[in-house]
Each structure stands twice: as structure tokens, then as C-alpha cells.
A.B. asks: 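Before anything else, here's the structure in question.
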Amino acid sequence: MVAELEGLPVGELADRLDRLGGPEARAPRPKRAEGPELPELPGAEPGKVVLRLAPFPSGGLHIGNGRMLFVNQQYRERYRGRLLLVFDDTVGSEEKRVETEFFEMILGDLDLAGVRPDAVLYKSDRISSHYPWARRVIEKGGAYVCRCPAELLRENRLHGLACPERAQVPGETLVEWEKMLDGSYAPGAAVLRLRTDLADPDPAFRDRVLFRISDLDHPRVGHRYRVWPLLEFSWAVDDVELGVTHVLRGKDLVMEDRMERYLWDLLGVQGPPFLHWGILRIREAKVSKSKSYAEVKSGLYDGWADPRTWSLRSLDRRGIAMEALREFTLSFGLSLADIEVPAETLYAENRKRLDASTVRRSFVAEPVRVEVDGYPFDLAETTLANHPDRPELGRRAVTAGPEFLLARTDLVVHAGHEVRLKDLVNVRLPADIPASGGSMRATFTSRPNQRLPRLQWVGARDAVPVDVLEIDGSHRRGVGEGALRAARPREIFQFERYGFVRVDADVSPGDEPVRVVFGHA
RNA sequence: GCUCCCGUAGUCUAGUCCGGUCAAGGAUUCGGGGCCUUCGACCCCGUAACGCGGGUUCGAAUCCCGCCGGGAGCACCA
């Protein structure tokens, strides 16, 4: 019997089942719900969770930082925990410098994102408390002072070779460590290295550097310290001293987990567990932080809110709600896979929020002037609904014909055919369409609504120039209906058949052109 | 090269730890239809996936082995 059934197509099997047990045997399967949002944190107790955000102040926050922001925020809310903002402002390097303006900027970005930390701390204030930990590690024989040049150190690490100083006993190391601190060594002349295992299969983990000497001027603490901890060591200290209960960070930092744990084991202290997520990229956002930085600094970009930066503030400027960004970001869970997502997914999330509440306006890009012969005199003006499905959003009066501005691209597509000026009248277009900025004539045909291609129009007598800043940083010139003269800063509109736009924050009523930023279709 | 991580439809994701209820769910995209005087929204329908090869098992997306593919790390940056 079984053998007979095997190999039958599914449909056939279903038929036989129906004959055997009827519909009862094939009850519709219950729909499974969507999965839970984020997994529980190991050992998390409500009210006792302490999380930390650790941005490096070398630029504004961008869309890629969103995951760190919203995941931490989400858990903080779930467990009613504390969220510490700890600026990871050790000196950095020549290429990666701490800059004063970014402390304020990041605070602003967090506020924009709706993330309000319970405390704001600076790593640069905590350096002196890292020194005793260094001593303890040295005393345990866990570290040595290495005077190899950086390149040699790197080379040796790759080949698993020890440098002569690796043989130091703690007493000797302590002496050398003091010399590092008292200025006997120049920057680059000596470092404190962890003693792991040079045969460790992971070359990245072999005798990593714990402290180095730098005399870069720090914007907050100046030259107060010349011996600076590296990220892994500083967090091994601070995650414990600040009472952090869970470390949630991107998987680019997994090796740092191992470093922290190694140090904790060495010193016999207990540290928090780590959770990671993979790298999230937006397909359209080829964000290179250093490129954005350079372009903003050089003035090529329109500041940190330039759409090309994909910074949080640029998304806000485009009318993308941080709440939509949060939903979007959280929808990826804590997957460790590296993913690339089209921006459309974010736009879809935003559109859901915007569509119902956003009023419609008429806008035409790169217009051609069209005079309609035989246009009805009584239709010099009309009123239009602010929203097609929501009468409660009201109506506005608009100036109509006989002179219109229409998009050249629309005209070209329908040249020689009859079209409908949306919500107004039907006209026949000639075969020849002039360049944008030119003028032409069309012929009125009828008034009733017909199933004709619909064209967006702006009445020429009351048109207002509009400048749309596009996502690629270019500016598109066009005209909008007169009602846009009253546009308020940061107001969001849907330009019908064009997309959602947001009025720039520094626009005053009456400004021409009206400057708006394109959000998405 | 070495180490670690990851491979479910076009793109994300749920399911994988604890094998059967997965004839694989959701989102987005795409296609078709409906409705509305937007190419938008909404409603309905549809296309479409367990990387490959072995093994264990009555039974594998799930466990084991091998391969292939992708990513990250190997800084005196964070």
C-alpha cells in the first residue's frame, strides 16, 4: 500500500485522501504567526539590565549604525534596563581622529532616533582607572612591553614568532611599563602586549597590543595621557567597572569578545556575555564613512544631512520616520548573516506611516507650457481634495487653465494622443513636443472623466518654482501648485505621481523656489 | 594563507539548539485582478526557496561528514 502511494503526484494523493477521510482529514492548516521579534537576553532580569552604546566620535550616525541603536534601545525597553552612552573616544589615530563637534552631533542623532541614554560617559575620562588593571595583568605575567617596530611586530605575529622581549618576567615588565608611563619612550617606541599563544591558530589573536603611546592632542583631555588603552582592553575594564550586563554589538567585533574573556579569566573576574549581529548594508547606500567625511568637510556635500551620506539626519530630512527605520532594522532580528537590503524595504515601511496622513500636492518637473485651445471659461479655478481617501483632510483651491505646465516626459509619451489632465478635463496633444521650458498648444476635447492616461498639471498663472533635492544630491527644477507657497518647514507632502517629499527645515513661507527633499516614491 | 561566522524564493526573515504538527510561515519585490479621477494607498489572487554531495533515521530545512559559495578579522583604528 505504501509502495503504491509513493511516487504519486501530490494532487493525486490529495484526491485519495479526500475519498478516504473527506475534508475532515484535510483541515486547513492553522497559519503560523510571525516569529518573535528578538530573542531573550541570557540571564536578563527586568530592571537589572545594563547596556551600553559605544560610538566613536568621528562622524554623525548613519543608517548602518541604526542596528546598534535600535537593538540596544529595544532590549532596554523590554527589560526596563539602563542604557549607557559611552563615547569610545580614546585618541584614535592619525586617520581616525576624535573631533569635538561629533560629541554634540551624536547626542543630537540619538535624540532624533528617540534613544535617550540614562547616562553619558567618556572613555577619555576613565583612562587613569585602566592603569591599575594593566598592572594586575602584568603582575599575573599576562603581558610584556614590546619595543619592536610596528611592521616587525605584525610580521612576527603572522609567522608566530616571538620577539626577544616576550621572555620578560613581571618585575621587568613593570619597570618597562613605568618607563612607558613616565615618558621615556616616544610614541611608537614601545607597547604593552598581551601574552597569549603564538601558536594560536587565529593569527589575529596572537599577543595583541593592549596599550600604546600617543601624543595626539585629544579634544577633551588634551595631552593628559600619553599611554592609551586599545579598544579591547578598555572594554574589558569598563564592561566590568560600569556593571554592563550584556554587550550587544556587531560581529565585526567578535574577536574582541575573546580578548575580553581572556583578560577576565586571567584576572579571575566575571564579565557579561556578548551578542552579535551581522553586517547590514543598504544596497543603494554605498556609504563610505571616510568618503562622506571628506565630501562634507570639503563642502561638496550639503553638510551631514546631505542625502548621499545616508546619515540619520539625512533620512529625517527626507521625511523618513525614525520609527520606520526602527521597525525596519529590528525586522532583521539578530541574524549573524551579513545582509544587503534594498532601500525599498525601508521605504515601504515608511510609506505605511506616511500615506494616510500626508496631503497631496501637484508638482511637475521640467515643465513645458501648454495652452489649451477651447478650454472652458468656467474652469479657470477648481478645488481638489487634499487626500483621495480622507475627506477630513480638506480641500484646496487651485488655479487651472487655459494655460498649464506639464512635464515634458509625460507629454512625450503621449504625443499625438488624447489624455486627461487629472481631475480636470480631456485634451488632445499634438505630435510635436518642444524642449522643456518651451511652449505648445493642445486642444480641449471634453470634460467627463474617461479612462485616458492621466497627466499631472499645474496651472500656469499660479505656479510656484520648486527645487527638489534628489537622493543622489542633484537638484531637479520644477513647478508646483500655488498652495505650496504656504509650505511650512519640515512639512511632508506627496507630490502626486512623483513621490513623498519634505520641505527643508530652513525654508520660510514665501521663499522661491520652494526647497524640498525627495524621500521616496 | 590562517581564524571565526553565515548560506531558506529576486531581496530580507521565521523555523535549525530539542528531527515528524514545514505539502516551509511573514515582509518586500514582481505579475494578474478589483477599487479610487495618482504610476500612490487599500483589497484579492498568483509566481517563487531549504547551496551541492554523502551519511544517520521509519522520517532531515533541522543531526553528522565532505565540498562549494559569501562575509568579517588577522592595525601601536574603533
Side-chain angles (χ1 to χ4, degrees), chain A residues 2 10-11 13-14 26 29-37 54-58 88-98 123 146 148-151 153-154 157-158 160 187-193 200-206 208-214 228 230-232 234-235 250-258 276 278-281 283 327-328 331-333 335-342 344-349 351-352 354-356 358 360 362 384-385 387-390 410 420-424 448-456 494-500 521:
Chain A
V2 172
V10 173
L13 278 173
R26 299 186 65 231
R29 305 164 63 222
K31 295 277 183 197
R32 266 168 283 139
E34 257 184 283
E37 291 175 352
F56 182 73
S58 68
D88 220 346
D89 64 334
T90 49
V91 271
S93 61
E94 214 56 72
E95 310 85 65
K96 211 168 181 176
R97 305 195 70 138
V98 180
K123 191 66 88 39
C146 174
C148 297
E151 308 77 56
L153 190 158
R154 215 175 296 145
R157 169 150 53 215
L158 197 61
V191 291
L192 184 71
R193 292 177 73 180
D200 193 285
D202 183 358
F205 195 65
R206 295 169 191 162
R208 288 184 70 86
V209 174
L210 264 21
F211 282 85
R212 68 204 163 106
I213 298 168
S214 169
W228 289 87
L230 270 76
L231 177 140
E232 302 92 322
S234 72
W235 279 113
K251 81 165 190 189
D252 48 322
L253 261 22
V254 279
M255 207 251 314
E256 280 70 9
D257 297 9
R258 202 175 156 208
H276 296 269
I279 290 147
L280 166 62
R281 288 189 192 81
R283 185 160 303 151
E327 283 300 318
F328 167 76
S331 75
F332 305 119
S335 156
L336 279 166
D338 300 313
I339 55 175
E340 187 175 272
V341 187
E344 180 54 36
T345 311
L346 169 62
Y347 300 157
E349 188 64 46
R351 200 177 289 126
K352 278 180 206 159
L354 244 38
D355 187 72
T358 305
R360 272 55 175 168
S362 195
L384 296 174
H387 192 290
D389 313 316
R390 303 201 43 206
D410 277 350
R420 180 161 180 83
L421 302 184
K422 187 170 173 291
D423 301 314
L424 200 63
N449 181 28
Q450 293 177 31
R451 293 197 78 81
L452 290 170
R454 279 182 253 285
L455 265 50
Q456 206 63 32
Q494 188 199 61
F495 282 175
E496 278 187 311
R497 302 173 68 249
Y498 189 77
F500 291 94

A.B. asks: Please report the distance separating the P of B/C18 from the corresponding atom of B/C63, rounded so that it comes out in whole Å.
C.D. replies: 8 Å
A.B. asks: Looking at every strand, decide which applies to A/Asp410 at a 4.0 Å heavy-atom threshold: base, sugar-phosphate, or nothing.
C.D. replies: base
A.B. asks: From C-beta outward on A/Ala204, which listed nucleotide comes closest to its side chain: B/C12, B/A27, B/C74?
C.D. replies: B/C74
A.B. asks: Considering Watson-Crick and G-U wobble pairs with both distances under 3.5 Å, what does B/A24 pair with?
C.D. replies: none
A.B. asks: With distance as the sole criterion, do the side chain of A/Arg283 and the base of B/U11 form a donor-acceptor contact below 3.5 Å?
C.D. replies: no
A.B. asks: Nearest to the A/Lys251 side chain among B/C76, B/A72, B/U37, which nucleotide is it?
C.D. replies: B/A72
A.B. asks: Counting the atoms with a prime plus P, OP1 and OP2 as sugar-phosphate, which does A/Leu231 contact under 4.0 Å by heavy atoms, base, sugar-phosphate, or nothing?
C.D. replies: base
A.B. asks: Roughly how far apart, to the nearest Å, are B/U8 and B/A27 at atom C1'?
C.D. replies: 15 Å
A.B. asks: Could you state the atom-to-atom distance from CD of A/Glu349 to C1' of B/U13 in whole Å?
C.D. replies: 13 Å
A.B. asks: Would you mind classifying the nucleic acid contact of A/Gly278 as base, sugar-phosphate or nothing, using non-hydrogen atoms under 4.0 angstrom?
C.D. replies: nothing
A.B. asks: Taking the side chain as every heavy atom from C-beta outward, state whether A/Val341 and A/Arg281 have any atom pair closer than 4.5 Å.
C.D. replies: no
A.B. asks: Please state how far atom NZ in A/Lys422 lies from atom P in B/G40, giving the value in whole angstrom units.
C.D. replies: 13 Å
A.B. asks: In whole Å, I'd like the distance from the CZ atom of A/Arg208 to the P atom of B/C76.
C.D. replies: 7 Å
A.B. asks: Can you tell me the base-pairing partner of B/C35? Count Watson-Crick or G-U wobble geometry only, both distances below 3.5 Å, and say none if there is no partner.
C.D. replies: none
A.B. asks: Minimum heavy-atom separation for A/Lys251 to A/Leu336, with atom names?
C.D. replies: NZ-O, 3.3 Å
A.B. asks: What does A/Arg281 touch in the nucleic acid at a heavy-atom separation under 4.0 angstrom: a base, only the sugar-phosphate, or nothing?
C.D. replies: sugar-phosphate
A.B. asks: When the P atoms of B/G26 and B/C44 are considered, how many whole Å apart are they?
C.D. replies: 12 Å
A.B. asks: Closest heavy-atom contact between A/Thr358 and A/His387?
C.D. replies: O-CD2, 3.4 Å
A.B. asks: Does any N or O donor sit under 3.5 Å from an N or O acceptor when you compare the side chain of A/Gln494 with the base of B/U38?
C.D. replies: yes
A.B. asks: What I want to check is whether an N or O donor and acceptor connect the side chain of A/Arg454 with the base of B/U38 at under 3.5 Å.
C.D. replies: no
A.B. asks: Under the criterion side-chain contact (heavy atoms from CB on, under 4.5 Å), I'd like the reasoning laid out for A/Asp257 against A/His276: C-alpha separation, chi angles, the key distance, then a yes or no.
C.D. replies: CA-CA 10 Å; A/Asp257 297 9; A/His276 296 269; 2.5 Å; yes
A.B. asks: Round to the nearest Å and state the distance from A/Leu336 atom CG to B/C6 atom P.
C.D. replies: 6 Å
A.B. asks: Would you kindly give the CG-to-P distance between A/Leu452 and B/U38, to the nearest whole Å?
C.D. replies: 13 Å
A.B. asks: Would you classify A/Ala348 as touching base, sugar-phosphate or nothing, given that sugar-phosphate means primed atoms plus P, OP1 and OP2, and contacts are heavy atoms under 4.0 Å?
C.D. replies: sugar-phosphate
A.B. asks: Say we look at B/C52 and B/A9: how far apart would their P atoms be, to the nearest angstrom?
C.D. replies: 10 Å
A.B. asks: Regarding A/Arg157, tell me which of base, sugar-phosphate or nothing describes its non-hydrogen contacts under 4.0 Å with the strands shown.
C.D. replies: sugar-phosphate
A.B. asks: So, does the side chain of A/Asp389 form a donor-acceptor pair with the base of B/G40 at under 3.5 Å?
C.D. replies: yes
A.B. asks: If I compare all heavy atoms of A/Cys146 with all of A/Leu153, which pair ends up nearest, and what's the gap?
C.D. replies: SG-CD1, 4.2 Å
A.B. asks: B/A48 and B/U37: how far apart are their P atoms, nearest whole angstrom?
C.D. replies: 35 Å
A.B. asks: Identify the two heavy atoms, one from A/Asp200 and one from A/Arg258, that lie closest to each other, and give their separation to 0.1 Å.
C.D. replies: OD2-NH2, 2.6 Å
A.B. asks: Contact class for A/Val209 vs. all strands (heavy atom < 4.0 Å): base, sugar-phosphate, or nothing?
C.D. replies: sugar-phosphate
A.B. asks: Below 3.5 Å, does any donor atom in the side chain of A/Glu256 face an acceptor in the base of B/A78, or the other way round?
C.D. replies: yes
A.B. asks: Let me know, please, whether A/Thr90 or A/Arg420 comes out on the 5' side of the other along RNA chain B by nearest nucleotide.
C.D. replies: A/Arg420
A.B. asks: Whom does B/G59 pair with, Watson-Crick or G-U wobble, provided both distances fall under 3.5 Å?
C.D. replies: none
A.B. asks: Starting at atom CG of A/Leu153, determine the distance to atom P of B/A75, rounded to an integer number of angstrom.
C.D. replies: 9 Å
A.B. asks: NA contact type, A/Arg258, heavy-atom cut-off 4.0 Å: base, sugar-phosphate, or nothing?
C.D. replies: nothing
A.B. asks: Return the value, rounded to whole Å, for the distance between atom CG of A/Asp338 and atom P of B/C12.
C.D. replies: 11 Å
A.B. asks: Write down the partner of B/G19 under the Watson-Crick or G-U wobble criteria, each distance required to be under 3.5 Å.
C.D. replies: none
A.B. asks: Could you give the distance separating B/G7 and B/G20 at their C1' atoms, to the nearest angstrom?
C.D. replies: 24 Å
A.B. asks: Which part of the nucleic acid does A/Ser214 contact within heavy-atom distance under 4.0 Å: base, sugar-phosphate only, or nothing?
C.D. replies: nothing
A.B. asks: For a salt bridge (Lys or Arg N to Asp or Glu O under 4.0 Å) check, start with the C-alpha distance between A/Arg351 and A/Glu344, then their side-chain angles and the critical distance, and finish with the verdict.
C.D. replies: CA-CA 10 Å; A/Arg351 200 177 289 126; A/Glu344 180 54 36; 3.1 Å; yes
A.B. asks: Which is true for A/Leu230 with a 4.0 Å heavy-atom rule: it touches a base, it touches only sugar-phosphate, or it touches nothing?
C.D. replies: sugar-phosphate
A.B. asks: Please determine if A/Lys123 forms a cation-pi arrangement with A/Trp235, meaning its NZ or CZ atom is less than 6.0 Å from the six-membered ring centre and no more than 45° off the ring axis.
C.D. replies: yes
A.B. asks: Return the pairing partner of B/C2 with a 3.5 Å limit on both distances, Watson-Crick or G-U wobble; otherwise return none.
C.D. replies: B/G73
A.B. asks: Touch check for A/Pro187, heavy atoms < 4.0 angstrom, all strands: base, sugar-phosphate only, or nothing?
C.D. replies: nothing
A.B. asks: Please measure how far the C1' atom in B/G51 lies from the corresponding atom in B/G70, and state the result in whole Å.
C.D. replies: 11 Å
A.B. asks: Using a cut-off of 4.0 Å on non-hydrogen atoms, how would the nucleic acid contact of A/Pro388 be classed: base, sugar-phosphate, or nothing?
C.D. replies: base
A.B. asks: Does any nucleotide pair with B/G53 by Watson-Crick or G-U wobble geometry, both distances under 3.5 Å, and what is it?
C.D. replies: B/C65
A.B. asks: On a whole-Å scale, what distance lies between the C1' atoms belonging to B/G71 and B/G15?
C.D. replies: 23 Å
A.B. asks: Evaluate the ring planes of A/Phe495 and A/Tyr498, with Trp represented by its six-membered ring, and classify them as parallel (under 30°), tilted (30 to 60°) or perpendicular (over 60°).
C.D. replies: tilted
A.B. asks: Using whole Å, what does the distance between atom P of nucleotide B/G40 and atom CD of A/Glu496 come to?
C.D. replies: 12 Å
A.B. asks: Which part of the nucleic acid, if any, lies within reach of A/Asn449 when heavy atoms closer than 4.0 Å are counted: base, sugar-phosphate only, or nothing?
C.D. replies: base
A.B. asks: Return the pairing partner of B/A14 with a 3.5 Å limit on both distances, Watson-Crick or G-U wobble; otherwise return none.
C.D. replies: none
A.B. asks: Identify, between A/Glu151 and A/Arg351, the residue whose nearest nucleotide on RNA chain B lies closer to the 5' end.
C.D. replies: A/Arg351
